[in-house]
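Take a look at the structure set out below.
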Amino acid sequence: MTDIDTPFYRFNPLSQSPATPPVEGFNGNTMGFMHINKTAGSAVTEWFKVNGYNLWTPPGIHGVIPDLDYRRRRFCFTIVRNPYDRTASHFFMWRDNNRYFRSDVTLDQYVSALHNRHRHPGRVEGPFRDPRKDASIISLLSDRSARNYMFLLEKHGHLFGSCADWMTTPTAQDNLAIFKFEELDKLENFFTKRLPFRVPLKDVRVEITETKRLSSYKHLYSKESIEFIQEIYADDFRNLRYDA
């Protein structure tokens with residue numbers, strides 16, 4: 001089986017999992033959805049909901065599907081996104097929507113902070129995390145967010161990582177169906193052929209997570225920021241078939 005045989009991708013193109021899940025019993029209650037941040041996951045979850053289905057998601061905010069649940073669920077899927085676009089969208093949501101970052105912080109400053117965070121070893125001693133790993137991100141926060149940063153970090157700290165960080169085990173890499181943000185038409189066609197959806201995906205809007213709705217964000221970066229993103233998200237460029 002290869003990616004070309006399916007409407008979605010596999011982290012492992014040689015996976016022996018079925019190319020498509022069996023139609024019998026295929027519904028929202030038997031599927032698992034792993035919501036990676038800034039990949040249209042909120043809109044897709046809402047799309048299922050308005051069509052009468054509540055997707056199962058792993059515990060926590062943007063949690064990882066445990067290996068055991070790949071065997072319990074009939075079909076597990078996720079959505080990934082080009083690192084340039086996902087990084088910028090995350091920045092604009094945190095600065096403009098959530099007001100976590102100060103209004104004067106620029107996209108290139110954010111990428112530089114991400115790069116510093118990426119290069120820091122981030123040692124953990126007992127229950128304590130080395131605060132120096134997140135110092136560059138903390139420097140961008142508004143006063144209100146800085147005071148509450150440990151709470152934010154507990155909820156959102158892993159969201160600075162690659163999409164590939166959500167699928168590190170062989171079980172996930174063999175079984176997870178990966179749709180791309182840039183090809184949401186394939187995701188919509190896949191599910192509407194199998195479930196009686198009446199509301200199209202284009203009619204679903206989640207304003208709290210929407211940012212600039214640009215077709216590409218790469219032109220907003222400096223040359224140095226582009227190089228930083230290529231380093232930080234090397235796993236996504238390599239494993240998820242994105243051009244650097």
Side-chain angles (χ1 to χ4, degrees), residues 3 6-11 17-66 69-82 85-100 152 155-156 158-159 163 166-167 172 175-217 240:
D3 283 345
T6 73
F8 48 80
Y9 296 78
R10 300 283 191 188
F11 192 97
S17 294
T20 57
V23 175
E24 181 181 357
F26 186 90
N27 60 61
N29 296 324
T30 62
M31 288 187 291
F33 175 52
M34 188 165 67
H35 181 182
I36 299 173
N37 64 311
K38 302 312 300 173
T39 61
S42 296
V44 168
T45 301
E46 182 65 16
W47 179 53
F48 271 81
K49 184 177 180 180
V50 298
N51 281 289
Y53 298 96
N54 290 313
L55 283 172
W56 176 87
T57 58
I61 297 176
H62 300 291
V64 174
I65 295 179
D69 279 302
Y70 285 102
R71 300 178 180 88
R72 291 174 174 167
R73 303 288 160 182
R74 187 171 295 277
F75 182 67
C76 291
F77 73 100
T78 193
I79 307 169
V80 298
R81 190 175 185 181
N82 184 300
D85 301 341
R86 177 169 169 258
T87 299
S89 185
H90 191 195
F91 165 72
F92 288 121
M93 188 181 80
W94 273 41
R95 189 190 68 177
D96 302 338
N97 296 11
N98 301 129
R99 305 289 196 272
Y100 293 159
L152 286 174
K155 293 200 306 177
H156 301 294
H158 67 292
L159 306 187
C163 291
W166 271 261
M167 46 194 93
N175 293 282
L176 188 66
I178 302 171
F179 293 94
K180 288 192 171 184
F181 177 96
E182 299 79 15
E183 300 171 347
L184 287 179
D185 57 319
K186 291 184 178 181
L187 179 148
E188 183 170 19
N189 290 337
F190 178 82
F191 288 111
T192 53
K193 286 180 179 178
R194 292 165 174 81
L195 298 170
F197 282 12
R198 297 180 180 178
V199 180
L201 183 55
K202 66 179 179 62
D203 289 349
V204 176
R205 303 284 293 273
V206 183
E207 292 185 1
I208 193 172
T209 60
E210 264 189 20
T211 53
K212 294 185 178 299
R213 297 178 64 86
L214 301 179
S215 58
S216 173
Y217 292 77
L240 301 176

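Just so you know, these numbers come straight off a predicted model, no measurement behind them.
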Within-4.5 Å side-chain heavy-atom neighbours: I65 and W56: yes
Side chain to side chain contact (heavy atoms under 4.5 Å, CB included) assessment of T209 paired with E46: CA-CA 12 Å; T209 60; E46 182 65 16; over 6 Å; no
Gap between atom CG of L187 and atom OG1 of T192 - 0.5 Å precision: 9.0 Å
Straight-line distance of I178 CD1 to T39 OG1, nearest 0.5 Å: 11.5 Å
N97 (side chain) donor-acceptor with T211 (main chain) under 3.5 angstrom: no
Heavy-atom pair of closest approach, residues G63 and P58: O-CG, 3.2 Å
Y70 OH to L176 CG distance, which is reported to the nearest 0.5 Å: 4.0 Å
Heavy-atom closest contact (S89 atom, K38 atom, distance): OG-CE, 2.8 Å
Proximity of F91 and Y217 rings by center, below 6.0 Å: no
Sub-4.5 Å side-chain heavy-atom contact between C163 and L240: yes
Validation row: F33, F48 side chains within 4.5 angstrom (heavy atoms): no
Evaluation steps, ring pair (Phe, Tyr, Trp, His ring centres under 6.0 Å), between Y53 and F191: CA-CA 12 Å; Y53 298 96; F191 288 111; 9.5 Å; no
Approximate separation, where rounding is to 0.5 Å, of D203 CG and R198 CZ: 14.5 Å
Donor-acceptor pair, side chain of W166 and main chain of H62, under 3.5 angstrom: yes
E182 side-chain N/O to N82 backbone N/O, donor-acceptor pair under 3.5 Å: yes
Approximate separation, where rounding is to 0.5 Å, of H35 NE2 and T78 OG1: 8.5 Å
Contact summary for L184 and A40, nearest pair of heavy atoms: CD1-CB, 4.0 Å
Considering all heavy atoms, the nearest P200-E188 contact: CA-OE2, 3.5 Å
Spacing of CE belonging to M93 relative to CD1 belonging to I208, to within rounding of 0.5 Å: 8.0 Å
Output field: ring centroids F8/F77 closer than 6.0 Å: no
Side chain D85, main chain S216, donor-acceptor under 3.5 Å: no
Identified side-chain contact (heavy atoms from CB on, under 4.5 Å) counterpart of R81 within the set H90, R86, K180: R86
Closest non-hydrogen atom pair, W94 against N98: CD1-OD1, 3.7 Å
N175 side chain to R71 side chain, donor-acceptor N/O pair below 3.5 angstrom: no
